[in-house]
Asks: 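Let me give you the structure first, and then I'll get to my questions.
For the single chain, residues carry numbers from 1 onward in sequence order.
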Amino acid sequence: MAVHVYTSQVIPSPLEKVWDRVKPFGDLGFSSRITSTKLIQGSSQYAVGEAIRELGLGDKKRVVERLVAFDETNRSFSYYLYPFSGKEGFVTPDDNPSPGTLEGYIGTVRLYHVTKSNQTFVTWEARFDSDKPKEMHAVIEDLFNSLLDDLARVLSQ
């Protein structure tokens, strides 16, 4: 079943400062939930179609994503999450299976300048199919909200 997850937050930092922190595709070091992040393929973090990152989620879980769009002018990028069903692309111990499958996942991050306050409005969304849409919506929404909270926290330091 088709799923759309949308989250947003105003980050109390200027647009360029926020963009400089989120645009490196191989670096989600601002996140408390992502335990490791590394670029595993691509000549550049911004090489559309070539840049592939691996994200560690703890407990031996990992996801692999490919950069599919990058727009420096409009401050946005999109990525494809390789599908998983417990073991493909998403590795998890047998006793802690994934709550559901994700297929056709495309995530997009967009930044907008809030001119009145010189802050940044950030949206993080994803579209995908899942055999457990409610459960996977909740998992992804929780992750995105955590990422946005962490981003705001790191940039305020």
Asks: Say you draw a straight line from CE of M1 to NZ of K134; how long is it, rounded to the nearest 0.5 Å?
Replies: 8.5 Å

Asks: Could you see if Y112 belongs to whatever hydrophobic cluster contains L15? Use Ile, Leu, Val, Met, Phe, Trp, Tyr and a side-chain cutoff under 4.5 Å.
Replies: no

Asks: Do T101 and D131 have a side chain donor and acceptor closer than 3.5 Å?
Replies: yes

Asks: If you compare all heavy atoms of S44 against all heavy atoms of A51, which two are closest, and at what distance to 0.1 Å?
Replies: O-CB, 3.4 Å

Asks: For E16, what residues pass the salt bridge (Lys or Arg N to Asp or Glu O under 4.0 Å) criterion, not counting sequence neighbours?
Replies: R75

Asks: Could you report the tightest heavy-atom contact between T120 and S13, atom names first, then the distance?
Replies: OG1-O, 2.8 Å

Asks: Output the distance between atom NE2 (H4) and atom CD (E141), rounded to the nearest 0.5 Å.
Replies: 11.0 Å

Asks: Once you round to the nearest 0.5 Å, how far does CG of L151 lie from CG of L147?
Replies: 8.5 Å

Asks: Which heavy-atom pair separates G26 from T37 by the least distance, and what is that distance?
Replies: O-OG1, 3.4 Å

Asks: Hydrophobic clusters here meaning ILVMFWY residues chained together by side-chain heavy-atom distances under 4.5 Å, can you tell me if I106 and I52 are in one?
Replies: yes

Asks: What pairs with D20 under side-chain hydrogen bond (donor to acceptor under 3.5 Å, both in side chains), at least two apart in sequence or on another chain?
Replies: none

Asks: Classify the side-chain pair Y82/R66 by whether it contains a donor and acceptor separated by less than 3.5 Å.
Replies: yes

Asks: How far apart are the closest heavy atoms of D150 and S32, and which atoms are they?
Replies: OD2-N, 2.6 Å

Asks: Rounded to the nearest 0.5 Å, what's the gap from CZ on R62 to OG on S36? Could you check?
Replies: 10.5 Å

Asks: Any sub-3.5 Å donor-acceptor pair from D142's side-chain atoms to A138's backbone N or O?
Replies: no

Asks: Would a distance-only check, ignoring hydrogens and angles, find a side-chain to backbone donor-acceptor pair under 3.5 Å from N118 to P14?
Replies: no

Asks: Where is the tightest heavy-atom contact between T108 and S78, given as atom of each residue plus distance?
Replies: OG1-OG, 2.8 Å

Asks: To the nearest 0.5 Å, tell me how far S130 OG sits from L102 CG.
Replies: 5.5 Å

Asks: If only atom types and distance count, is the side chain of S156 paired as donor or acceptor with the main-chain N or O of R153 below 3.5 Å?
Replies: yes

Asks: Determine which pairs satisfy ring-ring contact (aromatic ring centres under 6.0 Å, His included) with at least one residue from residues 17-39, sequence neighbours left out, and list them in order.
Replies: W19-F70

Asks: Please name the pair of heavy atoms, one in I11 and one in Q119, separated by the smallest distance, quoted to 0.1 Å.
Replies: O-CB, 3.4 Å

Asks: Do the side chains of Y6 and V122 join up, straight or via other hydrophobic residues, at under 4.5 Å, putting them in one cluster?
Replies: no

Asks: Say whether V22 and V48 are linked into one hydrophobic cluster, either directly or through other cluster members, by side-chain heavy-atom distances under 4.5 angstrom.
Replies: yes

Asks: Stepwise, does the side-chain contact (heavy atoms from CB on, under 4.5 Å) test hold for V63 with R53?
Replies: CA-CA 8 Å; V63 295; R53 68 183 176 193; over 6 Å; no

Asks: Closer than 4.0 angstrom, basic N to acidic O: yes or no for K38 and D27?
Replies: no

Asks: Start with the C-alpha gap between T123 and V109, add the side-chain angles, then the distance that decides, and say whether side-chain contact (heavy atoms from CB on, under 4.5 Å) holds.
Replies: CA-CA 6 Å; T123 66; V109 177; over 6 Å; no

Asks: Nearest 0.5 Å please: distance from the CZ atom of R33 over to the OG1 atom of T35.
Replies: 11.0 Å

Asks: I140 and side-chain contact (heavy atoms from CB on, under 4.5 Å): which partner among V5, N145, L81?
Replies: V5

Asks: For side-chain contact (heavy atoms from CB on, under 4.5 Å), just list the numbers for V3 and D129, CA-CA rounded to whole Å, side-chain angles, deciding distance to a tenth of an Å, and then say yes or no.
Replies: CA-CA 6 Å; V3 180; D129 291 315; over 6 Å; no

Asks: Per the ring-ring contact (aromatic ring centres under 6.0 Å, His included) rule, what does the pair list look like for residues 119-152, sequence neighbours excluded?
Replies: Y105-F128, W124-F144

Asks: State which residues pass side-chain contact (heavy atoms from CB on, under 4.5 Å) with S43; sequence neighbours excluded, sorted by chain then number.
Replies: A47, E50

Asks: Could you see if I40 belongs to whatever hydrophobic cluster contains Y80? Use Ile, Leu, Val, Met, Phe, Trp, Tyr and a side-chain cutoff under 4.5 Å.
Replies: yes

Asks: Please examine the side chains of R21 and L155, heavy atoms only from C-beta on, and report whether any two atoms are closer than 4.5 Å.
Replies: yes

Asks: Enumerate the salt bridge (charged side-chain N to carboxylate O under 4.0 Å, His left out) contacts for residues 112-128, please, sequence neighbours excluded, ordered by first and then second residue.
Replies: R110-E125

